[in-house]
Amino acid sequence: MSDLIRKNMALFPMSIVMNLTNLTARQIRYYEQHELVCPSRSEGNKRLFSFNDVTRLLQIKDLIEKGVNIAGVKQVLLPVSKAQTARNEPLLADNDKVTAKAPTDLQIHKMLKARLVGETGRRGEVSLIQGDLARFFRK
DNA sequence: ATTCTAACA
DNA sequence: TGTTAGGA
């Protein structure tokens, strides 16, 4: 079984994702409304999250904690369509090997992501990012 | 027992 | 965002 399928497979319910991400159910549902994650549904209309969903939620959480609002998060994490997670199709936002289409937007996306999600989290750089980039995310 | 949607003291 | 009512 491919890794991609594994990562997009609908597996866990709300409770599990809550513990995994330390986000409230309210927040998780809210982010879903904003198309930041797209868990599939069970017959009983219960949300079923994939590994990718959890990963994205963790990234969202990270950005929110850094002071980025929904509008900003949407620009860092490309909105995902229902079909992508419901099925086992690749998520554009989760890989680097997506160089075929819209290279310009992708590059811009990666730049913003790199600046906002600095892996080494250098202090002092945060305020600068929030200050200079904030206006692009407002509203 | 869990999760869902909608709505707001 | 928290919380809660009312269902499934």
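In what follows, every heavy atom counts, from backbone to side chain, and hydrogens, waters and symmetry copies are set aside. Chain naming here is simple, since letters A, B, ... match the order of the sequence lines and numbering starts at 1 in each.
Candidate nucleotides C:dG2, B:dT2, B:dT5 were compared by shortest atom distance to the side chain of A:Thr24, and C:dG2 ranks first. Taking every side-chain heavy atom of A:Ser15 into account, B:dT3 is the closest of C:dG2, B:dT5, B:dT3. With distances taken from any side-chain atom of A:Tyr31 to the nucleotides C:dG2, C:dT1, B:dT3, the minimum falls on C:dT1.
Shown here is A:Phe51, whose CZ atom has no more than 12 heavy atoms of other residues, nucleotides or ligands within 6.0 Å.
Between the A:Gln27 side chain and the A:Thr24 main chain, a donor and an acceptor come within less than 3.5 Å of each other. Side-chain atoms of A:Asp62 do not come within 3.5 Å of backbone N or O of A:Leu58 as any donor-acceptor pair. Distance alone, capped at 3.5 Å, places no donor-acceptor pair between the A:Asn45 side chain and the A:Arg41 backbone.
Distances shown here put a side-chain N or O of A:Arg47 below 4.0 Å from the OP1 or OP2 atom of B:dC4.
The gap from the C1' atom of B:dT3 to that of C:dA5 amounts to 14 Å, rounded to the nearest Å. The gap from the P atom of C:dG6 to that of B:dT2 amounts to 22 Å, rounded to the nearest Å.
Side-chain contact check for A:Ser50 and A:Asp53: at least one donor-acceptor pair (N or O, by modelled atom type) lies under 3.5 Å.
Here the P atom of nucleotide B:dT3 and the CG atom of A:Asn45 are 13 Å apart, to the nearest Å. Note: CG (A:Leu48) to C1' (B:dC4) measures 13 Å, nearest angstrom. B:dC4 atom P lies 18 Å from atom OH of A:Tyr30, rounded to whole Å. The distance from atom CZ of A:Arg29 to atom P of C:dG2 is 11 Å, rounded to the nearest whole Å. Whole-Å rounding puts the A:Gln33 CD to B:dA7 P distance at 11 Å. We find that CD of A:Gln27 is positioned 13 Å from C1' of C:dT3, with the value rounded to whole Å. In this structure, CZ of A:Arg26 is placed 22 Å from P of B:dT2, rounded to the nearest angstrom. Distance CD1 (A:Ile28) to P (B:dT2): 16 Å, rounded to an integer number of Å.
With a cut-off of 3.5 Å on both pairing distances, B:dA1 has no Watson-Crick or G-U wobble partner at all. Across the strands present, B:dA9 finds no partner; the criterion is a Watson-Crick or G-U wobble pair with both atom distances under 3.5 angstrom.
Nucleic acid contact class of A:Ile64 (heavy atoms, under 4.0 Å, all strands): sugar-phosphate only.
Remark on DNA chain C: of its neighbouring residues A:Ile70 and A:Gly44, the 5'-side contact belongs to A:Ile70, judged by nearest-heavy-atom nucleotide.
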